[in-house]
Asks: 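Encoded as structure tokens, here's the structure I'll be asking about.
Chain A is the first sequence line, chain B the second, and so forth, proteins listed ahead of strands; every chain is numbered from 1. Predicted, not measured: the structure shown is a model, and the values here were computed from it.
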Amino acid sequence: MTSFPFLPDHNHLIEERYRKAEALRQAGITPYPATAEAADTAADVLARAGALMEFHERVSLLGRVMTIRSFGKAAFFHLRDRSGQIQVYIKKNVVSGEGFRLYKEFLDSGDLVRVEGKVFRTKTDEITVEAAELQIAAKAVRQLPEKWHGFRQVEARYRQRYVDLIANPEVADAFRTRSRAISAMRRFLDEEDFMEVETPMMQAIYGGAAARPFVTHHNTLDMRLYLRIAPELFLKRLVVGGLDRVYEINRNFRNEGISTQHNPEFTMLELYAGGWNADRMMDFVEAILRETAMGALGTAKAVFGEAEMDFAAPIPRLRMVEAVSDALGTQVDWDTPIERISELAGGLPEEVRTREEAIVHVFESRCEEKLQQPTFIYEFPKSLSPLAKSVEGKPEVADRFELYIAGMEIANGYSELNDPREQYERFAEQAERRKAGDEEAPGEVDEDYVRALEYGMVPAAGLGIGIDRLAMVLTNSPSIRDVILFPLLRPAKREEHSDGPSSLEDAGTGEGGG
RNA sequence: GCUCGGGUAGCUCAGCUGGUAGAGCAGCGGACUUUUAAUCCGUUGGUCCUGGGUUCGAGUCCCAGCCCGAGUACCA
């Protein structure tokens, strides 16, 4: 047997519990039995308590021992399972066989146990299971964090999310809400005749957004690959192929900064609908948000900070130039000279060179954070929307919108450019910009995507919804890390790899081991 | 990247102008058959993030670094 301190943070408390696990084995009880199935859950027992008591029915539960309140020949503890928690009462002359000895000599809070017994109500009116059977399901050798302050240190909570989930019930609640939101979205999309698809995350040519990619390498093909920054160009190939109502809910990767609103890998819903335009898509956004909020929260109203967001109401729609005009106190439009905008804004940063950029700059610096209630901003400069169609009669304006909630960009959609020659020209412009030093512009024209458009793509509208940010709003979370189970962190300890990165390249080629 | 804040026992935290490192909970031993922060008695436990420096003496002051957070920058 491996001798005791075999992990760097082992201490005497853990040693003590390993001793207990060993003592259990000596007593003929395996601390890690093969199965420990239970028929009920805590929430279910609480819900059915009346009938269970009336008919003296036995229930069985599997869960974690939380806080133990111990008396000489009896004890109470709370048992936590995936559904919630319920109190268990263990009494020497009631529990059978080895049950009491198991509790008395070996049981610690944090252990996983199986309990079977009848339901009763205590003096203090709490529905409680009186254990007739108590079995160890799995011994925990690390103790739980402190019982009423919980587990607060932010770094530890992210690095050891499993402890966070045990110690801070509201954390699990947030992730349940997120999960329900995504389920509701899928349900609604399926009802609306959308088909869920999966497209490549490893791409030889990346595109569909302006972002720096992660780079990786395939050994046998000796090929550079990018982790996708967006699925857009593949999804629209499917639209060309006749699958003109498709969606994908999955990860994108952008090699950029980290903040309360940015994680390098993040989840997007992206969808395309043949026959629609951006206007029609905004209607759809209202519907899907309502359904998602209802599914996640059971109501269309979400509390976020001080504000209440109403997802049932129609969402106001404002042209970007209107928002900017309001902010500047003077009417401006896409043909307003940059000098004039600069004058009204009291100066512009050096990197802002065109009047379109100037308007977007004013929007981002003065308007965005004020858009607390859900608001659509529409009509974007064409120059910053290389995959979008122009508004009819306004060749310089893209038929595009973004949805803002709580000052965050939550969704982005547009009428899809389906003119192959114009698309080719837009790609070529981007490649030029890359040569001129724009690291976020794709360096290569995706010729196959243009070829696809040459076969003809029905007029279509596309939509991307940032699932993580939407989850923030639905769970009242101020940071994106509160809705991502394992946000990206630097490794806790810097490991020295003397033999270089190639030593890891073949990792994972073995047979999958479960 | 920059600015500010944080890192002390398993957990939550205190530690003043530098003077032997503390509490509560958890753990361990004991009492206790309806408690829920159970209670009562006793008790173990520390690379004070790391490395330098100043000092008779550093958790505390100085320098460098690591990790986390907030803000800012970046992010069609």
Asks: Identify the nucleotide, in any strand shown, that forms a Watson-Crick or G-U wobble pair with B:A73, with both distances under 3.5 Å; if there is none, say none.
Replies: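 WC or wobble partner does not exist here.
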Asks: In whole angstrom, give me the gap between the C1' atoms of B:G27 and B:G10.
Replies: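 So the two C1' atoms sit 9 Å from each other.
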Asks: Does a distance-only test, which skips hydrogens and angles, find a donor-acceptor pair under 3.5 Å between the side chain of A:Gln143 and the base of B:G10?
Replies: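 Yes, the side chain and the base share a sub-3.5 Å donor-acceptor pair.
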Asks: Please collect all salt bridge (Lys or Arg N to Asp or Glu O under 4.0 Å) contacts where either partner lies in residues 79-89 of chain A, sequence neighbours excluded, each pair once.
Replies: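 Found none.
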Asks: Identify, with sequence neighbours excluded, every residue that meets salt bridge (charged side-chain N to carboxylate O under 4.0 Å, His left out) alongside A:Arg228.
Replies: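 Testing A:Arg228 for salt bridge (charged side-chain N to carboxylate O under 4.0 Å, His left out), a comparison that skips the adjacent residues, returns A:Glu248.
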Asks: Under the rule for side-chain contact (heavy atoms from CB on, under 4.5 Å), what residues qualify as partners of A:Ile341, not counting sequence neighbours?
Replies: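 Scan of A:Ile341 (side-chain contact (heavy atoms from CB on, under 4.5 Å), adjacent residues dropped) gives A:Thr336, A:Arg355, A:Ala358, A:Ile359, A:Val362.
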Asks: Look at A:Ser70 and B:U35 and indicate whether a side-chain polar atom (N or O) is within less than 4.0 Å of OP1 or OP2.
Replies: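 A:Ser70 to B:U35 OP1/OP2: no side-chain N or O under 4.0 Å.
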Asks: So, OP1 or OP2 of B:U35: does either fall under 4.0 Å of a side-chain N or O from A:Arg69?
Replies: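 No, outside the criterion.
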Asks: For A:Asp173, check salt bridge (charged side-chain N to carboxylate O under 4.0 Å, His left out) against everything at least two apart and list the hits.
Replies: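 Partners of A:Asp173 by the salt bridge (charged side-chain N to carboxylate O under 4.0 Å, His left out) criterion, ordered by chain and then number, come out as A:Arg176.
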Asks: Rounding to a whole Å, what distance do you find between A:Glu350:CD and B:A73:P?
Replies: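 Computing the A:Glu350:CD to B:A73:P distance gives 17 Å.
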Asks: By the ring pair (Phe, Tyr, Trp, His ring centres under 6.0 Å) test, which pairs, at least two apart or in different chains, include something from residues 400-426 of chain A?
Replies: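 Output for this query lists A:Phe363-A:Tyr404, A:Phe376-A:Phe401.
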Asks: Please enumerate all protein N or O atoms sitting under 3.5 Å from an N or O of nucleotides 21-25 of chain B, with distances to 0.1 Å.
Replies:
from, atom 1, to, atom 2, distance (Å)
B:G24, N2, A:Glu146, OE2, 3.1
B:C25, O3', A:Lys147, NZ, 3.3

Asks: With both distances under 3.5 Å as the test, what is the Watson-Crick or G-U wobble partner of B:G57?
Replies: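 Checking every strand shown, B:G57 finds no partner, since no pair has both distances under 3.5 Å.
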Asks: According to salt bridge (charged side-chain N to carboxylate O under 4.0 Å, His left out), who are the partners of A:Arg142, at least two apart in sequence or on a separate chain?
Replies: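 A:Arg142: salt bridge (charged side-chain N to carboxylate O under 4.0 Å, His left out) contacts with A:Asp9.
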Asks: Measure the distance from CD1 on A:Ile90 to P on B:C32 and round it to the nearest whole Å.
Replies: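 Value for this atom pair: 17 Å.
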Asks: Please name the nucleotide paired to B:U12 by Watson-Crick or G-U wobble geometry with both distances under 3.5 Å, or report none.
Replies: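 Base-paired to B:A23.
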Asks: Counting only non-hydrogen atoms, which of residues 383-392 of chain A are less than 4.0 Å from RNA chain B?
Replies: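 By residue number: A:Leu384, A:Pro386.
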Asks: Tell me which residues in residues 151-168 of chain A lie within less than 4.0 Å of RNA chain B, going by non-hydrogen atoms.
Replies: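 Only A:Phe151, A:Arg152, A:Gln153, A:Val154, A:Glu155, A:Tyr158, A:Arg159 qualify.
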Asks: Could you tell me the Watson-Crick or G-U partner of B:U33, where both distances fall under 3.5 Å? Say none if there is no partner.
Replies: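 When the pairing criteria are applied, nothing turns out to pair with B:U33, so the answer is none.
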Asks: Give me each pair satisfying ring pair (Phe, Tyr, Trp, His ring centres under 6.0 Å) with a member in residues 91-141 of chain A, each pair once, sequence neighbours excluded.
Replies: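 Pairs touching residues 91-141 of chain A that pass the test: A:Tyr89-A:Phe120, A:Phe100-A:Tyr103.
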Asks: Report yes if the ring of A:Phe76 lies under 5.5 Å from the six-membered base ring of B:U35 with planes under 30°, and no otherwise.
Replies: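 Stacked: centres under 5.5 Å apart, planes under 30°.
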Asks: Side chain of A:Glu126: nearest nucleotide among B:C28, B:U35, B:A76?
Replies: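 Shortest atom-to-atom distance from the side chain points to B:U35.
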Asks: Got a sec, which residues hit side-chain contact (heavy atoms from CB on, under 4.5 Å) with A:Gln135, two or more places apart in sequence or on another chain?
Replies: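 A:Arg114, A:Glu133.
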Asks: Check whether any side-chain nitrogen or oxygen of A:Arg481 sits under 4.0 Å from OP1 or OP2 of B:A70, and answer yes or no.
Replies: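 Result: yes.
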Asks: From CD of A:Glu369 over to C1' of B:G71, roughly how many Å is that when rounded to an integer?
Replies: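 Taking atom C1' of B:G71 as the reference, CD of A:Glu369 is at 12 Å.
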Asks: Need the pair for B:G42. Rule: Watson-Crick or G-U wobble, both distances under 3.5 Å, any strand; none if unpaired.
Replies: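 Pairing partner, where one exists within any strand: B:C28.
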Asks: For a quick check of understanding: with a heavy-atom distance under 4.0 Å over all strands, which category does A:Ser109 fall into, base, sugar-phosphate or nothing?
Replies: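 Answer is nothing: A:Ser109 stays at 4.0 Å or more from every strand.
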Asks: Holding to side-chain contact (heavy atoms from CB on, under 4.5 Å), I want the full list of residues that pass it with A:Ser365, two or more places apart in sequence or in another chain.
Replies: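 Applying side-chain contact (heavy atoms from CB on, under 4.5 Å) to A:Ser365 gives A:His361.
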Asks: Does the side chain of A:Lys389 reach to within under 4.5 Å of the side chain of A:Asn418, using non-hydrogen atoms?
Replies: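 Yes - at least one pair of side-chain heavy atoms lies under 4.5 Å apart.
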Asks: Would you say the side chain of A:Met268 lies within less than 4.5 Å of the side chain of A:Ile467, judging by non-hydrogen atoms?
Replies: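 A side-chain contact under 4.5 Å is absent here.
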